[in-house]
Amino acid sequence: MTEHPAYPTATSLDDFRHNLASVRDHIAAACRRAGRDPAEVRLLPVSKTVDEARIRLAYAAGCRELGENKVQEAHAKWEAMADLPDLRWAVIGHLQTNKAKLVARFASEFQALDSLRVAEALDRRLQAEGRGLDVFVQINTSNEASKFGLPPDQAAAFVRELPAYASLRVRGLMTLALFSSDPAQVRPCFVRLRELRDRLRQDAPAGVAMHELSMGMSGDYALAIEEGATTVRVGQAIFGARALPDSHYWPGLAQAGSRP
């Protein structure tokens, strides 16, 4: 596990090709250690704070999916890059109900579902748009009061309510691990999510899939893969270090520093 390396900013097509290849090599190595097929792990590049010109370079390097924390920022980028219709956008940060109409308009995926109010607002807006949306239920596996996400012991009851929202296609669970450079502190968060997914999958209601685990970021995605991640959300290792600390995007990190 790396300890917050200074990721150089990718500014050219070659930079992006190099960084993407490097991340994929690390994914493959983690899969080998875990006896997994690298094809089981999806790389979701996270483009928060990245401008349109650099996103277009990432697209030219092969990126066809991007994750964003801020809904309005993501929506503006989607509008600006409407000439790239095969570029899919995932909203991976906390959502307020008044922003549900924007998500319903453009997003292919929402990874931070943790309230029925948001589920209802999204479903209503999606019905109006005639669209469906892949969603992940966010779980607070680190038990930090400042983080969003459901406590693990509330997940089963929450998931049982989700078939009522027909436009939401439930794919699995998402978490943010404890911020630490110590794998012994981080790994248990990933283990908890995998074990919770396995329990929920045993009696998931009809229409609810519990196959996916979105966990792991630039500093800890290798650990996440070793513990079963099917999607890793990687930003700085692809795009370069961000000017703003991650506490600007992820509640609960203000005292801990920046998460790669």
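Side chains included, hydrogens not; waters and symmetry mates left out as well; all remaining heavy atoms used.
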Of all heavy-atom pairs linking I225 and C31, the shortest is CG2-SG, 3.8 Å
Got P205 and L162 here, is their nearest side-chain heavy-atom distance under 4.5 Å? no
Result for salt bridge (charged side-chain N to carboxylate O under 4.0 Å, His left out) between E227 and one of R197, R192, R194 points to R194
If you draw a 6.0 Å radius around CD in E79, do more than 12 non-hydrogen atoms from other residues or ligands fall strictly inside?
yes
Please determine whether a side-chain nitrogen of the Lys or Arg among K147 and D114 lies less than 4.0 Å from a carboxylate oxygen of the Asp or Glu. no
Would you please test V50 and L66 for side chain to side chain contact (heavy atoms under 4.5 Å, CB included) and show each step? CA-CA 11 Å; V50 178; L66 293 171; over 6 Å; no
Original post:
Does the K77 side chain pair with the main chain of S47, one donor and one acceptor, at a distance under 3.5 Å?
Top reply: yes
The reported gap from CD1 in I92 to CZ in F110 (rounded to nearest 0.5 angstrom) is 10.5 Å
Checklist entry - With a 4.5 Å limit on heavy-atom distance, are the side chains of L133 and S167 in contact? => result no
CG (L122) and CD (Q127) are apart, to the nearest 0.5 Å, by 11.5 Å
Heavy-atom closest pair (P183 atom, P188 atom, distance to 0.1 Å) is O-CD, 4.1 Å
(message) Please verify the inter-ring angle class for H94 with F148; under 30° counts as parallel, over 60° as perpendicular, anything in between as tilted.
(response) parallel
| query | Please walk me through it: do W89 and H75 pass side chain to side chain contact (heavy atoms under 4.5 Å, CB included)? | reply | CA-CA 9 Å; W89 298 88; H75 184 261; over 6 Å; no
Taken to the nearest 0.5 Å, the spacing of E144 CD from F179 CZ works out to 10.5 Å
To the nearest 0.5 Å, atom CD1 of I139 lies from atom CG of L196 at 5.5 Å
field: Main-chain N/O of E120 paired to D123 side chain as donor or acceptor, under 3.5 Å
entry: no
Quick check: do R54 and T9 have side-chain heavy atoms less than 4.5 Å from each other? yes
Scanning both residues in full, the closest heavy-atom pair of R169 with D134 reads NE-OD1, 2.7 Å
Hydrophobic clustering (ILVMFWY, side-chain heavy atoms < 4.5 Å, transitive) - are L223 and V191 grouped together? no
If you count every heavy atom of other residues, nucleotides or ligands that lies below 6.0 Å from D198 atom CG, does the total exceed 12? yes
So the salt bridge (charged side-chain N to carboxylate O under 4.0 Å, His left out) pairs with at least one residue in residues 26-47 (sequence neighbours excluded) are R33-E226, R36-E40, R42-E65, R42-E109
From the list T141, L193, V232, L173, side chain to side chain contact (heavy atoms under 4.5 Å, CB included) partner of M215 resolves to L193
Exactly one candidate in L87, L13, D83 meets side chain to side chain contact (heavy atoms under 4.5 Å, CB included) with R56; the answer is D83
In terms of heavy-atom contacts, I238 and V23 come closest through CG1-CG2, 4.0 Å
Next item on the list: Give a yes or no on whether the backbone of M210 and the side-chain of R171 come within a donor-acceptor separation of less than 3.5 Å.
Entry: no
Donor on one side chain, acceptor on other, S214 and Q111, under 3.5 Å: yes
R117 atom CZ, over 12 foreign heavy atoms within 6.0 Å = no
Residue pair R201 / H211, side-chain heavy-atom distance below 4.5 Å | yes
L176 and Q138, any side-chain heavy atoms less than 4.5 Å apart: yes
Taking every heavy atom of A90 against every heavy atom of L44, the minimum-distance pair comes out as CB-CD2, 4.1 Å
Separation between CG (L126) and OH (Y165), nearest 0.5 Å, reads 13.0 Å
Backbone N or O of A104 within a donor-acceptor pair of the R131 side chain at under 3.5 Å?
yes
- prompt: Counting N and O atoms only, with roles assigned by atom type, does the side chain of T230 sit under 3.5 Å from a partner on the main chain of L213, one being a donor and the other an acceptor?
  reply: yes
Steps toward side chain to side chain contact (heavy atoms under 4.5 Å, CB included) verdict (L113, V170):
CA-CA 10 Å; L113 183 64; V170 183; 5.7 Å; no
d(M81 CE, E52 CD) to nearest 0.5 Å is 5.0 Å
Correct closest heavy-atom pair for A10 and N19 would be CB-ND2, 3.7 Å
